[in-house]
Amino acid sequence: MAQLLTRIPKGTRDVLPDEVYKWDYIESVIRSVCRDFNYREIRTPVFEHTELFERGVGDATDIVQKEMYTFEDKGGRSITLRPEGTSPVVRALLQNSLYAGALPVKLFYYNLSCYRYEQPQAGRLREFHQFGVEQFGAGSAAADAEIIMIGYETFRRFGLADTLTLRLNSIGCPNCRKTYREKLVAYLEGHKSELCPTCKERMYRNPMRVFDCKSEICQGIAKDAPFVTDNLCDDCAAHFAALQESLKALGIPFVVDPTIVRGLDYYRGTVFEFVTSTIGAQGTVCGGGRYDGLIEELGGDALSGIGFGLGLERLLLTLEAAGFKFPAPAPVTIYLGAASDDGATDVFLTKLASELRAAGVSVERDLMGRSVKAQMKYADKLGARYAAIIGPDELAKGAVQVRDMQGEGGFELALDNFAAGLKECL
RNA sequence: GUGGGUAUAGCUCAGUUGGUUAGAGCGCCAGGUUGUGGCCCUGGAGGUCCCCGGUUCGAACCCGGAUAUCCACCCCA
């Protein structure tokens, strides 16, 4: 390789021409899902004021900040590249009073690029892309079920319904969570001496992390620890039960997993993840939950919200691991070659290509001045449906032999009516 | 931030105990008579063996460092 001036930044990816069609296909499927559920697209800027992403309180904040791409712009404002999709959407909802119309407000975003300063690994990049849905105003279990259904339906349309596991949990409202937290900490304090150093250290800061600690000893302790799901208040328990009933009625398989945690305080009640084991250690393809506290946190009136984010790179990895066959893009319809490099032929090819394109036929013409044989090889490589080689003979005769590149033989077409003639053969 | 693996042609990779002009497959280009692809055959182009230093008569190979990348940990809004 030649000495390059610079390479792509760590944790970022080029999407090359040979793989763009996969992204196009994913987009078309996801847009069809959003249309069927009647969600409307919203687009927000790549960067926001840093305060927007700093809203969480407590220890989560500085952990979060460590991974944010934050800088000062020329006007002295603190700017951050969005690390996630939900808070910009909430900001836009409030700023544009989208809540003032009929509720619920149902929004989605697609191919939202997000930025986090992390150590890259399988399924984890510094720039990644998300599809997400957000729904505001409905606090019912039916609303939860609809959001989860969108995720499930998306995976189902990709043939991944059996590849992914839906994990479901309720982390309760602030009241029952507080009670539960005290209970859990008290339990852990009883085993303090046995816990691994990490768990000991985060016992007060983030006690629920003990549930996904890798240490066998901690797992043994966690097994008998009190679960959130057994310690919900009556309202939260009823909501969670109703959601599970809905999912059962819909035939959506799930497992209740009390270890699913959300780091930030504004999460309420339902949280869920769609997880796969086929793409490495970062197997959460889709994660979401109810965030009834966020809207107030950002200065709005009390309004419930629920949504999910779905990692498009991880979705692509999952599809490829499953051997998914993406529909191939249509190759060029016809290759126009030059039998000689005289000016008249060249001008004629230019005009003919232009006519065909104006008629909606995709055309590639010789630009390299290569031999006829080399041009035919090139047309073959392109996967062109047809090829026609034009030179003085054809111009004199007013007709050309069109070769069928997918089979044998071909047919003759008049040059003065070529576009119309070719379209009849398509 | 921490740990491990890897780094040789455009791509995927060989490369002997350290020894002369560093290889294969694929891809690319050109030929296999005059103006027609696929299969086959022949030829060609293309390499600072990631970079810097060390050991040695001699380094792609051994040693040290740096960088990049992959994977995992951490974390996961």
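These values consider heavy atoms only, across backbone and side chains, with no hydrogens, waters or symmetry-generated copies. Lettering of chains follows the sequences in order, A, B, ..., and the numbering in each one begins at 1.
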Just distance, no hydrogens or angles: give the donor-acceptor pairs under 3.5 Å from side chains in residues 85-94 of chain A, sequence neighbours left out.
unit_1, atom_1, unit_2, atom_2, d
Thr86(A), OG1, Glu134(A), OE2, 2.9
Ser87(A), OG, Arg55(A), NH2, 3.2
Ser87(A), OG, Glu84(A), OE2, 2.2
Arg91(A), NE, Gln95(A), OE1, 3.1
Arg91(A), NH1, Glu48(A), OE1, 3.0
Arg91(A), NH1, Glu48(A), OE2, 2.5
Arg91(A), NH2, Gln95(A), OE1, 3.4

When rounded to the nearest Å, what value does the distance between [atom1] atoms of [N] and [M] take?
N       : M       : atom1 : answer
rG10(B) : rC28(B) : P     : 15 Å
rG23(B) : rA60(B) : P     : 14 Å
rA7(B)  : rC49(B) : P     : 15 Å
rU17(B) : rU21(B) : C1'   : 23 Å
rA22(B) : rG65(B) : P     : 30 Å
rC39(B) : rC26(B) : P     : 11 Å
rC29(B) : rC61(B) : C1'   : 33 Å
rG58(B) : rA45(B) : C1'   : 31 Å

It should be established whether Arg370(A) places a side-chain nitrogen or oxygen under 4.0 Å from OP1 or OP2 of nucleotide rC29(B).
yes

Check the pair Glu127(A), Tyr115(A) against side chain to side chain donor-acceptor pair (under 3.5 Å), reporting the backbone distance first and the verdict last.
CA-CA 5 Å; Glu127(A) 180 189 57; Tyr115(A) 303 84; 2.7 Å; yes

Heavy-atom protein contacts under 4.0 Å, nucleotides 69-74 of chain B, coded B base, S sugar-phosphate only, - none:
SSSSBB

Nucleotide-resolved protein contact map, nucleotides 32-38 of chain B, B/S/- at heavy-atom distance under 4.0 Å:
B--BBBB

Pairs of donor and acceptor atoms involving the side chains of residues 217-227 of chain A, under 3.5 Å and at least two apart or interchain, shall be tabulated with distances.
unit_1, atom_1, unit_2, atom_2, d
Gln219(A), NE2, Cys213(A), O, 3.2

In whole angstroms, how far is the [atom2] atom of [N] from the [atom1] atom of [X]?
X         : N       : atom1 : atom2 : result
Gln65(A)  : rC76(B) : CD    : P     : 15 Å
Met368(A) : rA30(B) : CE    : C1'   : 13 Å
Lys66(A)  : rU2(B)  : NZ    : P     : 12 Å
Leu5(A)   : rU67(B) : CG    : P     : 19 Å
Tyr109(A) : rA77(B) : OH    : P     : 13 Å
Met68(A)  : rC76(B) : CE    : P     : 14 Å
Phe274(A) : rC76(B) : CZ    : P     : 22 Å
Arg82(A)  : rC76(B) : CZ    : C1'   : 19 Å

Would you say the side chain of His239(A) lies within less than 4.5 Å of the side chain of Thr270(A), judging by non-hydrogen atoms?
yes

Please list, chain by chain and in numerical order, all residues satisfying salt bridge (charged side-chain N to carboxylate O under 4.0 Å, His left out) with Asp380(A), sequence neighbours excluded.
none

Check ring-ring contact (aromatic ring centres under 6.0 Å, His included) between Phe136(A) and all other residues, then give those that pass, not counting sequence neighbours.
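Listed in chain order: nothing, the list is empty.
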
Glu41(A)-Tyr110(A) side chain donor-acceptor pair, cut-off 3.5 Å:
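No.
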
What pairs meet the salt bridge (charged side-chain N to carboxylate O under 4.0 Å, His left out) rule with one or both residues in residues 306-322 of chain A, with sequence neighbours excluded?
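Residue pairs passing salt bridge (charged side-chain N to carboxylate O under 4.0 Å, His left out), neighbours aside: Lys22(A)-Glu320(A).
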
According to the interplanar angle, ranging from 0 to 90°, do the rings of Phe47(A) and Phe71(A) count as parallel (below 30°), tilted (30 to 60°) or perpendicular (above 60°)?
perpendicular

Should the pair Phe324(A) and Phe326(A) be assigned to parallel (<30°), tilted (30 to 60°) or perpendicular (>60°) ring geometry?
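The arrangement is perpendicular - the two ring planes meet at more than 60°.
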
May I ask you to check if Arg43(A) and Tyr109(A) form a cation-pi contact, with NZ or CZ under 6.0 angstrom from the six-membered ring centre and within 45° of the axis?
no

Would you tabulate the pairs of protein nitrogen or oxygen atoms and nucleotide nitrogen or oxygen atoms of nucleotides 5-8 of chain B closer than 3.5 angstrom?
none

Set of side chain to side chain donor-acceptor pair (under 3.5 Å) partners for Arg13(A), sequence neighbours left out:
none

Please name all residues satisfying side chain to side chain donor-acceptor pair (under 3.5 Å) with Tyr267(A), sequence neighbours left out, ordered by chain then number.
none

Before giving the answer on side chain to side chain donor-acceptor pair (under 3.5 Å), spell out for Arg77(A) and Thr50(A) the whole-Å C-alpha distance, their side-chain angles and the decisive distance to 0.1 Å.
CA-CA 9 Å; Arg77(A) 306 168 190 89; Thr50(A) 302; over 6 Å; no

Stems where RNA chain B pairs, listed by first number, each of three or more Watson-Crick or G-U pairs under 3.5 Å:
B:1-7 with B:67-73, B:10-13 with B:23-26, B:28-32 with B:40-44, B:51-54 with B:62-65

Check: residues 408-426 of chain A side-chain donor-acceptor pairs under 3.5 Å, at least two apart:
unit_1, atom_1, unit_2, atom_2, d
Glu412(A), OE2, Lys397(A), NZ, 2.9
Lys423(A), NZ, Ala359(A), O, 2.6

